[in-house]
Amino acid sequence: MSDTANINSDEDRLIRSRKNNLNQLIDLGIDPYPKVFSRTHSAEEAVKDLEDLEKSKKSEEILDNTRIAGRVTGIRGQGKMVFVDIKDRSGTIQAAMKKDILEETFNLVNLVDLGDIIGITGKIFRTRRGEPSIEVSDLQILTKSMRPLPDKWSGLKDVEKRYRQRYLDLISNDDAFNTAVKRSEIVSFIRNFMNQRGYLEVETPVLVSVPAGANAKPFSTRHNSLDRDLYLRIATELNLKKLIVGGMEKVYELGRVFRNEGIDHNHNPEFTTIESYEAYVDYNSIMELVEQLVSGAAESVNGSSKLDFGGSIGMIDLSPPWTRLDLREAIKDFSGVDFIDIESETELADKMRESGIHVDPNASWASMIDKIISDKVEPNLNQPTFLVDYPVKMSPLAKRKTNDDNTAERFEAFVLGSELANAFTELNDPIDQRERFEEQEALRKEFNDEELDRLEEDFLVAVEHGMPPTGGLGLGIDRLVMLLTKKLTIRDVVLFPQLKSID
RNA sequence: GGCCCGCUAGCUCAAUGGUAGAGCAAUUGACUCUUAAUCAAUAGGUUCUCGGUUCGACCCCGAGGCGGGUCACCA
């Protein structure tokens, strides 16, 4: 490609002027990409020092020789004086570059473009207009930028570009930056929360030979030297329970799982869950764990366990205790269907159609119940709610209730009409567990449903060695972050959401 | 996958089927307290792609791409 081929392209024109400045720097013997710059202050700290001085808390010397680095987000030329906005992690501060102070270095100012990373040395002061600023005595180019930034005032609004080039979103939209920070803080809170309760954090394989532990279609891949198909895990469940068999008693994994299904505002093909397992407790303890974890995370990152969504939703209060609804009663109340007497799929389908629910003609009993829940019950559960006690048929990994063989000790947590967590008293009877898996395998063939859970022999052998009574939890981190940052789409809480590639 | 909407300068947005424009960014010049700096001038376009209708298409029609919404499915 020759230079003349693109000489008329606007983008090239913009890059060319920056390259021109870059070359001028090189001609001056200046490295446009030096390795280090030692900072004394963040932008925020500099302002604080100034305020401390003004309150007479500190002596004036603290203001001298302040060194700050960051990205240039604004340049206001004033002839022999130029104001430059410098943005770092903590915020933005103004630098005042005066010719009579910088002398020959002042020529460098003309070679600074919007988007460059620069380091400045100088004295903190306040301008006549009251703006905290650095009076620059030395200026260093730390990184020359070759491409223009999005418009300072309107920011980056193009949704697609925000996702594909998230770094631009982070630079120009504070809300995107703050959401990413908050996600990190939430994950950090959860780790501390679990560790303080004596849980061990573990890591189990992402590549598995049987994608088991949940209902989902897996991604498949291939290991060359093993000459074998492998799958990306759809859940961390079974390996974690093997660790309970191994005596770890309290374990959790914060990890990415992968499901080969549709993509929309609630679903990314890879997402993060926390699964935890604790020996010698049942699902009642897990309900308390969820209440404390979620309300604690809210208080930690938002300073409150309440969230105001306004409009018809209003205030969501995450503080314990959450409402507990019996699943069967909830379904009956919201849809009029009482599944307890309905064993045949055709009868259930008829009842559902009577209630105005669209039924897939090839659906299993369990998936139909699931459909009733998501269509008729979930949308009503804005305030945090546990739906408790699920049919055994739709809960192949959960233990039966003591006096009711058809019901399992399982709950799901809902907030804002969306599922947040799924938990049960874990099934540790190896004979029952094997039968449940075999039924799932049979149903998968009968209904040709790729999403039904799979039998993993290794897991069954582990349980046959004896798994203590255990309470287990799975909670969607992305959903939790959406809730606590009030984002309506998962793409706003995942830094690099999956998008189609542009060829 | 069905249906609906969007795609125009680096960014944000205009433009009855009749010469594609503005603000910011860029380039050149003036300016030592500005902060969306100001002022003057200049330059910048495969209107997502391909095809069709038309004397003439950003605009109408068809196919495709990408994105958004919604329904179906899923966490």
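Predicted model, so just to flag it, every value in this text is computed and none were measured.
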Suppose you measure atom [atom1] in [N] against the same atom in [M]; what distance do you get, rounded to whole Å?
N: B/A37; M: B/A26; atom1: P; value: 11 Å
N: B/C58; M: B/U8; atom1: C1'; value: 7 Å
N: B/A36; M: B/A22; atom1: C1'; value: 16 Å
N: B/A57; M: B/A43; atom1: C1'; value: 27 Å
N: B/G45; M: B/C39; atom1: C1'; value: 28 Å
N: B/C66; M: B/A25; atom1: C1'; value: 26 Å
N: B/A9; M: B/A15; atom1: P; value: 15 Å
N: B/C31; M: B/G23; atom1: P; value: 24 Å

Touch check for [X], heavy atoms < 4.0 angstrom, all strands: base, sugar-phosphate only, or nothing?
X: A/Arg162; value: nothing
X: A/Arg18; value: nothing
X: A/Lys217; value: nothing
X: A/Leu420; value: nothing
X: A/Leu149; value: nothing
X: A/Asn266; value: base

Inset, instruction - Determine the sole option in A/Glu44, A/Lys48, A/Glu45 for which the side-chain contact (heavy atoms from CB on, under 4.5 Å) test with A/Ser90 is passed. - result: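 Single side-chain contact (heavy atoms from CB on, under 4.5 Å) partner of A/Ser90 among A/Glu44, A/Lys48, A/Glu45: A/Glu44.
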Inset, instruction - For the pair A/Arg233 and A/Glu253, find out whether any cationic side-chain nitrogen is under 4.0 Å from an anionic carboxylate oxygen. - result: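 Here A/Arg233 pairs with A/Glu253 in a salt bridge, since their nearest N and O are under 4.0 Å apart.
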Legend entry - Sequence neighbours excluded - side chain to side chain donor-acceptor pair (under 3.5 Å) pairs with any residue from residues 63-75 of chain A: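 Counting only pairs at least two positions apart or across chains, the side chain to side chain donor-acceptor pair (under 3.5 Å) contacts touching residues 63-75 of chain A are A/Arg67-A/Thr121.
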Inset, instruction - Show your working on side-chain contact (heavy atoms from CB on, under 4.5 Å) between A/Val109 and A/Lys99 and close with a plain yes or no. - result: CA-CA 10 Å; A/Val109 178; A/Lys99 187 172 186 180; over 6 Å; no
Listed nucleotide nearest any side-chain atom of [X], set [options]:
X: A/Asn21; options: B/G10, B/U27, B/U34; answer: B/U27
X: A/Arg479; options: B/A75, B/A25, B/G67; answer: B/A75
X: A/Arg491; options: B/U34, B/G69, B/A72; answer: B/G69
X: A/Asn215; options: B/U35, B/C11, B/A75; answer: B/A75
X: A/Gln94; options: B/U12, B/G68, B/U35; answer: B/U35
X: A/His265; options: B/G10, B/U70, B/G67; answer: B/U70
X: A/Arg129; options: B/U34, B/C73, B/G23; answer: B/U34
X: A/Glu419; options: B/A75, B/C11, B/U34; answer: B/A75

Roughly, in whole Å, what's the span from [atom1] in [X] to [atom2] in [N]?
X: A/Lys123; N: B/C33; atom1: NZ; atom2: P; answer: 19 Å
X: A/Phe106; N: B/U32; atom1: CZ; atom2: P; answer: 9 Å
X: A/Ile357; N: B/A72; atom1: CD1; atom2: C1'; answer: 15 Å
X: A/Asp100; N: B/C33; atom1: CG; atom2: C1'; answer: 13 Å
X: A/Lys98; N: B/U34; atom1: NZ; atom2: P; answer: 12 Å
X: A/Asp370; N: B/C73; atom1: CG; atom2: P; answer: 10 Å
X: A/Lys99; N: B/A30; atom1: NZ; atom2: P; answer: 11 Å
X: A/Lys500; N: B/C66; atom1: NZ; atom2: P; answer: 4 Å

Legend entry - Side chains of A/Asp478 and A/Asn268, donor plus acceptor under 3.5 Å: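 No, because no side-chain N or O of A/Asp478 sits under 3.5 Å from a partner of the opposite role on A/Asn268.
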Inset, instruction - Report yes or no: do A/Tyr283 and A/Asp389 form a side-chain donor-acceptor pair below 3.5 Å? - result: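 Yes.
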Inset, instruction - Report yes if some heavy atom in the side chain of A/Met194 is under 4.5 Å from a heavy atom in the side chain of A/Ile274; otherwise report no. - result: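 A/Met194 reaches A/Ile274 side chain to side chain.
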Legend entry - Residues that A/Tyr231 engages under ring pair (Phe, Tyr, Trp, His ring centres under 6.0 Å), provided they are two or more places apart: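 Residues passing ring pair (Phe, Tyr, Trp, His ring centres under 6.0 Å) with A/Tyr231: none at all.
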Legend entry - A/Phe411: partners by ring pair (Phe, Tyr, Trp, His ring centres under 6.0 Å), with sequence neighbours left out: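 For A/Phe411, the residues satisfying ring pair (Phe, Tyr, Trp, His ring centres under 6.0 Å) (neighbours in sequence not counted) are A/Phe386.
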Please determine whether a side-chain nitrogen or oxygen atom of [X] lies at a distance below 4.0 Å from atom OP1 or OP2 of [N].
X: A/Lys152; N: B/A25; result: no
X: A/Ser17; N: B/U27; result: yes
X: A/Lys161; N: B/C11; result: yes
X: A/Arg164; N: B/G67; result: yes

Legend entry - First of A/Glu135 and A/Asn268 reached from the 5' end of RNA chain B, by closest nucleotide: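 Mapping each residue to its closest nucleotide by heavy atoms, the 5'-most match is A/Glu135.
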Legend entry - Earlier contact from the 5' end, RNA chain B, for A/Val359 and A/Arg126: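 The 5'-side residue here is A/Arg126.
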Legend entry - Ring-base stacking, A/Phe83 with B/A37 (5.5 Å, 30° cut-offs):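 A stacking contact does not exist, since A/Phe83 is not both close and nearly parallel to the base ring of B/A37.
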Legend entry - Sidechain-backbone polar pair: A/Arg491 side chain, A/Pro497 backbone, donor-acceptor under 3.5 Å: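 A pair under 3.5 Å: no.
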Inset, instruction - Could you tell me whether A/Lys486 sits above the aromatic face of A/Phe309, with NZ or CZ closer than 6.0 angstrom to the six-membered ring centre and within 45 degrees of the axis? - result: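 Verdict for A/Phe309: a cation-pi partner in A/Lys486.
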Legend entry - Strand-adjacent residues in residues 71-80 of chain A, judged by heavy atoms under 4.0 Å from RNA chain B: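 Correct list: A/Arg76, A/Gly77, A/Gln78, A/Gly79, A/Lys80.
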Inset, instruction - Show the numbers, then the answer: is there a side-chain hydrogen bond (donor to acceptor under 3.5 Å, both in side chains) between A/Tyr199 and A/Glu201? - result: CA-CA 6 Å; A/Tyr199 283 82; A/Glu201 180 173 15; over 6 Å; no
Inset, instruction - Name all residues meeting the side chain to side chain contact (heavy atoms under 4.5 Å, CB included) criterion together with A/Asn110; count only those two or more places apart in sequence or in a different chain, and write none if there are none. - result: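 If we apply the side chain to side chain contact (heavy atoms under 4.5 Å, CB included) test to A/Asn110, skipping adjacent residues, there are no hits.
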Legend entry - Bracket notation of RNA chain B in which parentheses pair within the strand, [ ] cross earlier pairs, and | pairs with another strand (Watson-Crick or G-U, under 3.5 Å): (((((((..((((....[..)))).(((((.......))))).....(((((..]....))))))))))))....
